[in-house]
2 protein chains.
Amino acid sequence: MKVTIYDVAKEANVSIATVSKVINNTGRISEKTKKKVLNVMKKLDYQPNIMASALMGKQTKTIGLLIPDLANPFFAELARSIEDRGHEFGYNLVICSTDYKEEKENKYISLLKRKSVDGFILASGFENLGKVEQLVKEDFPVAIVARDFPMFPVNTVALDDFMGGYLAASYLIDLGHENIGIIARDVWSNRERIRGFKQALDENQLTFPTDFEYIEKMSHIIQGKNMTIKYLKSLNPPTAIFACNDLLAIGAIQAIKEMGMNVPEHVSVIGFDNTIIATIVEPPLTTIAQPIQNMGKEVMDLMISQINGEKKEKIRVTLHPSLIVRESTGKFNIVN
Amino acid sequence: MKVTIYDVAKEANVSIATVSKVINNTGRISEKTKKKVLNVMKKLDYQPNIMASALMGKQTKTIGLLIPDLANPFFAELARSIEDRGHEFGYNLVICSTDYKEEKENKYISLLKRKSVDGFILASGFENLGKVEQLVKEDFPVAIVARDFPMFPVNTVALDDFMGGYLAASYLIDLGHENIGIIARDVWSNRERIRGFKQALDENQLTFPTDFEYIEKMSHIIQGKNMTIKYLKSLNPPTAIFACNDLLAIGAIQAIKEMGMNVPEHVSVIGFDNTIIATIVEPPLTTIAQPIQNMGKEVMDLMISQINGEKKEKIRVTLHPSLIVRESTGKFNIVN
DNA sequence: TTGAAAGCGATACCAT
DNA sequence: ATGGTATCGCTTTCAA
């Protein structure tokens, strides 16, 4: 059957304690026995059982990653970048899609704790403050990414969402737009983006639409489409749309086309995230880019340093969004 | 600290054996003590440590999923559907991107075995027959998805790739195309698709392009683009392109547009997979659909039944592709 | 119906 | 420099 430390010890004529020491490179063992044990390990193709050592308090080298939806390209790309950085340090990811459901979030967290993950990386959409706070109190390694939690100390890699919203609005305003529709789900990062958006509006003496309302449920193409149709059919239709993610923006573009109008001639559209789909849609989507690769790397680094107990103080890394101008936005056009 | 089975036993004035029995609903215990123990468990918020029971040979309820690239929408969507089905049965997924590198595949497999995963689901791109065969020989639960391994018995959920290629070619031929370029990486499923493609060609007395060659490296937009440019600049440029995934097809469309031509007026493009991006490009992509949701469900079901030792014989589920006609394909046009 | 005790596969302290 | 052994948290006979 499976070869264990006992098999190695027996074959090498040493104790399991000695074998353990050569595995972990701890204590002192003569070069000679070390070499001997190493040889036997190779010969028997011995693979230490990580679960067993986890029982003794060692790391499992596994991190739980909770995201809203793996099928959303933004989260898939983010997960991939986290995975890559983790891989460099021997970590694996258990990836869980929560669909923004608190019930699933709780379930996954307690399940993964029972599986002795070394820590959790929580991505955007996590509204479940209580659970996170509890984790932090227990001193369980947690890091937040693409989502800011200003309330208590926790390692965080956030985008400056406020700035993102501000950038989007400023650009649209520069193009001459004064009536801009907003599409967003009610999550923290979007509230920030809208706050930044409003700031730019204020600075230009423009008023925030009074009839704005968040979309419910998912942030998918269909929701973006529906909301856009609603906007365009309203009494005072906007000349530009700010969608809080690329998927929603695509829905907006589809709606505009379906209603017989053009992007950006009749209506401009700006997205958020800069995922692969922004380059694919026609016209290519102007969007606010999140530095996904960097976010993944940074959050994994924070996680690892926390697991290793390197620094006690919690760190907040804020990354900056950038405007990527493509072809879905244009000057306000009197055509309207 | 963490509450263990001992804490529960002490608090309930029973032995840990008894507690274990009520946890697992095994052996016989009186309703009274059962209720008592259950209460204490709730009161102490006891969460059995899965690693400890795994050491005793129980399941970890964790499956390793190896895919080429999580950032590829097809695999992200597939992973999501596998995750969903697994979730219904209490399974979690450790997701690993291999980048088609045998070295990574091997590394992940042995690492996850050390972490006592209950089984592996291997997705398309896995060319590493030796390792898989070894797993099968060891009777380690393995299931293959989106990839066929005809050589030895292993649970498989495959697409009828041959049929997919056949469908694509037939459709293009019906449209009047006789010179069709093919873009594909050299993996098993693509070889099958091309075989089906060739079959349709043969049936129509058309000849397979003699200068066809596989692309190297990744199957990304850029590779699709480069290959298409090469085709269009050749002496006898094709009037249609068959790309073996949607990403490559999108690259093809981009290349065609960049060269000042239109899709499908000048060149038709057909993709494969029917991921979300097929609906997003302009023109919307005609493609061969893989039933992703079904594939995920079926492969997880096979995995679970194998883990539970339900049936010994290995099963091969073959799902059928379907042609999704959108707007990237059109009749062969004399314009050329 | 319940419990004592022997593992599972590793780590780590304490002797030797 | 090496080894004996307790221990981690749980499962599972086997007795009582």
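We name chains A, B, ... by the order of the sequence lines, and we start the count at 1 in each one. All of these numbers come straight from a predicted model, not from anything done at the bench.
Close to D:dT12, at under 4.0 Å from its OP1 or OP2, lies no side-chain N or O of B:T26. For B:T33 and C:dT2, the shortest distance from a side-chain N or O to OP1 or OP2 is below 4.0 Å. Contact annotation: B:S15 side-chain N/O to C:dG3 OP1/OP2 distance is under 4.0 Å.
Between the NZ atom of B:K34 and the P atom of C:dT1 there is a distance of 11 Å, rounded to whole Å. Residue A:K115 contributes atom NZ, which lies 17 Å from atom C1' of D:dG9 at whole-angstrom precision. Note: CZ (A:R114) to P (D:dC8) measures 20 Å, nearest angstrom. For B:R28 and D:dT12, the CZ to P distance is 15 Å, given to the nearest whole Å. Atom CD1 of B:I29 is separated from atom P of C:dG3 by 11 Å (rounded to the nearest Å). One can place CD1 of A:I5 at 12 Å from C1' of C:dA12, the figure rounded to the nearest angstrom. Rounded to an integer number of Å, the gap from CD1 of A:I16 to P of C:dC8 is 12 Å. Atom pair B:N13:CG and C:dA4:P shows a separation of 12 Å (rounding to whole Å applied).
Counting distance only, with no hydrogens placed and no angle test, the side-chain atoms of B:Y6 and the base atoms of D:dC8 include no donor-acceptor pair under 3.5 Å.
Considering A:I63, A:I67, A:I82 in turn, A:I67 is the only one that fulfils the side chain to side chain contact (heavy atoms under 4.5 Å, CB included) rule with A:I95. The one candidate from A:E77, A:M300, A:Q290 that meets the side chain to side chain contact (heavy atoms under 4.5 Å, CB included) condition with A:M295 is A:Q290.
Within residues 38-63 of chain A, the residues having any heavy atom closer than 4.0 Å to DNA chain D are, in order of number, A:L55, A:M56.
Across all strands, B:K21 comes closer than 4.0 Å to base atoms (heavy-atom distances). Note on B:S20: a base of the nucleic acid sits closer than 4.0 angstrom, heavy atoms only. Backbone-only engagement by A:V14 is indicated by non-hydrogen atom pairs under 4.0 Å involving sugar-phosphate atoms exclusively.
The pair A:R85-A:E298 fails the salt-bridge criterion, with no side-chain N (NZ, NE, NH1 or NH2) lying under 4.0 Å from an Asp/Glu carboxylate O. Comment: B:D99 engages A:R80 in a salt bridge, judged by a side-chain N to carboxylate O separation of less than 4.0 angstrom.
Residues B:R185 and B:S219 share a closest heavy-atom pair of CD-OG, 3.2 Å.
Rounded to the nearest 0.5 Å, atoms CG (B:N49) and NZ (B:K2) are 8.0 Å apart.
The local environment of CD in A:E310 is crowded, with over 12 non-hydrogen atoms from other residues, nucleotides or ligands closer than 6.0 Å.
Two residues, A:T18 and B:A17, neighbour DNA chain D, and the one matched to the more 5' nucleotide by heavy-atom proximity is A:T18.
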